[in-house]
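Remarks on the structure that follows.
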Amino acid sequence: MSAFRFITPHIGIRGNQTICVVCSEALGPSSKPWKELVVRRETPLAEAGGKAWDTGHDGVVLRQFICPSCATLLDTETATSKDPVLVDRLSDDG
């Protein structure tokens, strides 16, 4: 495998492609936010974790970002369903 730079522990950049580090699958162009290139699942937080996770606010979700090739869970975030997805970026100095 040629060298890559990590964005997260499971996502990297090789050349101009975003890759899943676990299975080496090229997910798409590195010019796009990587979370747009993978499977996204949203589950109401109360369903994801039961009563202990119930915030009492409708619309709070657990977002899961999953590799479409190997099904590795790449990242999660908690947000309201109306919030934009967080964007992970590499700094210019790398």
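- Listed by chain and number, the residues in a salt bridge (Lys or Arg N to Asp or Glu O under 4.0 Å) with R40 are E42 (sequence neighbours excluded).
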Can you list the steps and then say if T8 with L74 is a side-chain contact (heavy atoms from CB on, under 4.5 Å)? CA-CA 8 Å; T8 75; L74 303 170; 5.7 Å; no

For E77 and F65, what are the C-alpha separation, side-chain angles and deciding distance, and is it a side-chain contact (heavy atoms from CB on, under 4.5 Å)? CA-CA 9 Å; E77 61 187 45; F65 300 91; 3.8 Å; yes

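- Between A3 and R14 the shortest heavy-atom distance is O-CG, 3.6 Å.
- Expressed to the nearest 0.5 Å, how far CZ of F4 lies from OG of S24 amounts to 7.5 Å.
- Within the 4.5 Å cutoff, no side-chain heavy atoms of C67 are placed close to those of V38.
- A continuous path of ILVMFWY side-chain contacts below 4.5 Å connects L73 to V39, so both sit in one hydrophobic cluster.
- With hydrogens and angles ignored, the 3.5 Å screen pairs a side-chain donor or acceptor of K35 with a backbone N or O of L86.
- Listed for the R63 side chain is a donor-acceptor partner under 3.5 Å among the backbone atoms of T80.
- T18 contributes atom OG1, which lies 5.0 Å from atom CD1 of I7 (distance to the nearest 0.5 angstrom).
- Using a 4.5 Å cut-off on side-chain heavy atoms (C-beta onward), C20 and S69 make no contact.
- L37 and I13 end up in the same hydrophobic cluster when Ile, Leu, Val, Met, Phe, Trp and Tyr side chains are linked at under 4.5 Å.
- Checked against salt bridge (Lys or Arg N to Asp or Glu O under 4.0 Å), E47 has no partners two or more places apart in sequence or in another chain.
- Shortest non-hydrogen contact noted between I19 and L27 is C-CD1, 4.0 Å.
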